[in-house]
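As the structure is a computational prediction, the values presented were derived from the model and not from experiment. Just so you know, these numbers use all the heavy atoms, side chains as well, and skip hydrogens, waters and symmetry mates.
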Amino acid sequence: MIVNYLHKLGWFVGLVLLQVLILNHIHILGYATPFLYIYLILKFETGTSRNELMVWAFFLGLTIDTFASTPGMNAASTVALAFLRPWILRMFTPRELLDNIVPSFDSLGAGNFLKYILVAVLVHHAMLISIEYFSFVPFLLLGLRVLCCTLFSIVCILAVEGIRR
């Protein structure tokens, strides 16, 4: 059990450093910025309680907010993702697999895993970017930014998942 928490803590530190030092400075055409730090929340076991997941998500988002000078935006959107994650996962996971698996290509299958990642990342990014703009910007611009960030983040998540395989 302690080894599991140390493993998650290692991923926590690694993803925060990667996000803060490298990925926050990437802005493709001013629209697409990858948010890879949510990979930690997406890869928790299905048997993890929602409260534990939300605590991890809060501290992950708060750490990113601290380094990025974004007061609570990442924390709010990451906690919302952690809250909705069990429902999102239930949509794409067969009932017999809901016991205690780690979502991946192998455990869910390629199609279900891609759908899970797509919906989860879209929910997180829609919330994060809506909070970031929080004004009457053109709705098309907001949608374009959410879509670009979602696609770029999914590519990064699939790259990390491919490397881990």
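The main-chain N or O of F44 is found under 3.5 Å from a side-chain atom of R85 such that the two form a donor-acceptor pair. Without hydrogens or angle criteria, E161 side chain to S104 main chain gives no donor-acceptor distance under 3.5 Å. The main-chain N or O of I26 is found under 3.5 Å from a side-chain atom of T33 such that the two form a donor-acceptor pair.
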- request: Quick one: do M91 and K115 satisfy side chain to side chain contact (heavy atoms under 4.5 Å, CB included)? Show the steps, please.
  value: CA-CA 9 Å; M91 288 191 310; K115 290 177 204 171; over 6 Å; no
task: Give the C-alpha distance, both sets of side-chain angles, the deciding distance and a yes or no for side chain to side chain contact (heavy atoms under 4.5 Å, CB included) between I101 and L108.
output: CA-CA 9 Å; I101 61 166; L108 298 179; 3.8 Å; yes
Check against side chain to side chain contact (heavy atoms under 4.5 Å, CB included), K43 and W11: CA-CA 10 Å; K43 292 297 284 188; W11 272 98; over 6 Å; no
task: Start with the C-alpha distance between F105 and L158, add both sets of side-chain angles, then the distance that settles side chain to side chain contact (heavy atoms under 4.5 Å, CB included), and finish with yes or no.
output: CA-CA 10 Å; F105 280 114; L158 292 177; 3.5 Å; yes
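A continuous path of Ile, Leu, Val, Met, Phe, Trp and Tyr side chains, each step under 4.5 Å between heavy atoms, connects M54 with F35, placing both in one hydrophobic cluster. I38 and V55 end up in the same hydrophobic cluster when Ile, Leu, Val, Met, Phe, Trp and Tyr side chains are linked at under 4.5 Å.
Taking a 6.0 Å sphere around CZ of F59, one finds it holds 12 or fewer heavy atoms contributed by other residues, nucleotides or ligands. The number of heavy-atom neighbours closer than 6.0 Å to CG of L29, taken from other residues, nucleotides and ligands shown, is 12 or below.
Summarising the geometry of Q19 relative to L36, their closest heavy-atom pair is OE1-N, 2.9 Å, with the distance given to 0.1 Å.
At a threshold of 4.5 Å between non-hydrogen side-chain atoms, the residues L40 and F12 count as touching.
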